[in-house]
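See structure below.
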Amino acid sequence: MEIKVYISNLAKYNDGELVGDWITLPTDSEILESFIEKILGEDDEYAIHDYEAFFSIYEFDNPYKLNELLQQLKSYDSRLIQSLFYNLSSLEDVLRVLGSGEYSCYYDMESMQDVGL
């Protein structure tokens with residue numbers, strides 16, 4: 001599963017200048033670090049000002065941690081991930097459920113009768 005985040009240079013933003021760009025996550029940590037360094041230049045604060053994802057991302061979420069968590073989702077079916085996000089509120093909750101194995105997923109079912117319940 002991939003998401004996109006728009007990372008801005010917060011100092012420039014506060015000065016009325018928009019300096020930032022979109023990046024697709026997950027990516028290699030070195031690529032993310034280089035991307036953020038390019039956006040920051042001599043400054044040291046960034047913010048996430050927009051995103052395209054199945055879950056909420058906040059302005060001061062850590063993109064490094066977000067990238068790391070998304071790396072953990074790479075081995076799971078995207079339909080399972082989307083279903084869990086539909087029912088859970090956060091990336092951490094989805095990872096907790098996936099790690100516990102306490103879920104069942106029935107693909108291509110149109111009603112509970114198809115599941116046999």
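Every heavy atom of this structure was used, including side-chain atoms; hydrogens, water molecules and symmetry mates were not. Keep in mind that what you see is a predicted model, and the values were worked out from it rather than measured.
In this structure, F54 is a member of the same hydrophobic cluster as I48, with clusters built from ILVMFWY side-chain heavy atoms closer than 4.5 Å. Note on I57 and I39: same hydrophobic cluster, where clusters join Ile, Leu, Val, Met, Phe, Trp and Tyr whose side-chain heavy atoms are under 4.5 Å apart, directly or indirectly. Under a hydrophobic-cluster definition in which Ile, Leu, Val, Met, Phe, Trp and Tyr are linked whenever side-chain heavy atoms come within less than 4.5 Å, directly or via other members, F60 and Y13 are assigned to the same cluster.
Counting heavy atoms from C-beta on, the side chains of L98 and L80 come closer than 4.5 Å. When side chains are defined from C-beta on, I23 counts as touching L32, because their heavy atoms get closer than 4.5 Å. Between K65 and E92, some side-chain heavy-atom pair lies under the 4.5 Å cut-off. Side-chain atoms of S83 and Y103, non-hydrogen and from C-beta on, never get closer than 4.5 Å to each other. Using a 4.5 Å cut-off on side-chain heavy atoms (C-beta onward), I7 and D21 make no contact. Contact annotation: the side chain of L91 approaches that of F85 to within less than 4.5 Å [non-hydrogen atoms, C-beta and beyond]. Within the 4.5 Å cutoff, no side-chain heavy atoms of E52 are placed close to those of I3.
Between the side chain of D93 and the backbone N or O of L88 there is no donor-acceptor pair closer than 3.5 Å. Remark: side-chain polar atoms of D43 are not paired, donor with acceptor, to backbone N or O of E45 under 3.5 angstrom. Using a distance-only test at 3.5 Å, with no hydrogens or angles considered, no donor-acceptor pair links the side chain of S34 to the main chain of E30. With N9 contributing its side chain and L18 its backbone, the two residues share no donor-acceptor pair below 3.5 Å. Side-chain atoms of N62 come within 3.5 Å of backbone atoms of Y64 as a donor-acceptor pair (strictly under, hydrogens ignored). Looking only at distances, no side-chain donor or acceptor of D44 sits under 3.5 Å from a matching main-chain atom of L40.
Rounding to the nearest 0.5 Å gives a distance of 10.5 Å between CD of E68 and CG of L70. Atom-to-atom distance recorded for L66:CG and D61:CG is 6.5 Å, nearest 0.5 angstrom. Expressed to the nearest 0.5 Å, how far CD of E33 lies from NZ of K38 amounts to 15.0 Å. Expressed to the nearest 0.5 Å, how far CD of Q82 lies from OG of S78 amounts to 5.5 Å. S90 OG to R96 CZ: the interatomic distance, rounded to the nearest 0.5 Å, is 8.0 Å.
The side chain to side chain contact (heavy atoms under 4.5 Å, CB included) test with L84 singles out one residue from L73, L95, V97, and that residue is V97.
When every heavy atom of A47 is checked against every heavy atom of L10, the shortest pair comes out as CB-CD1, 4.0 Å. Of all non-hydrogen atoms in E2 and P26, the two that sit nearest each other are CA-CD, 4.2 Å. The two residues F55 and Y51 have their closest heavy-atom pair at O-CE1, 3.2 Å. Here the closest heavy-atom approach between residue I36 and residue P63 is recorded as CD1-CG, 3.7 Å.
Residues satisfying the side-chain contact (heavy atoms from CB on, under 4.5 Å) test with S100, not counting sequence neighbours, are E102.
A perpendicular orientation is assigned to the rings of Y6 and W22, their planes being inclined by more than 60° (bins at 30° and 60°).
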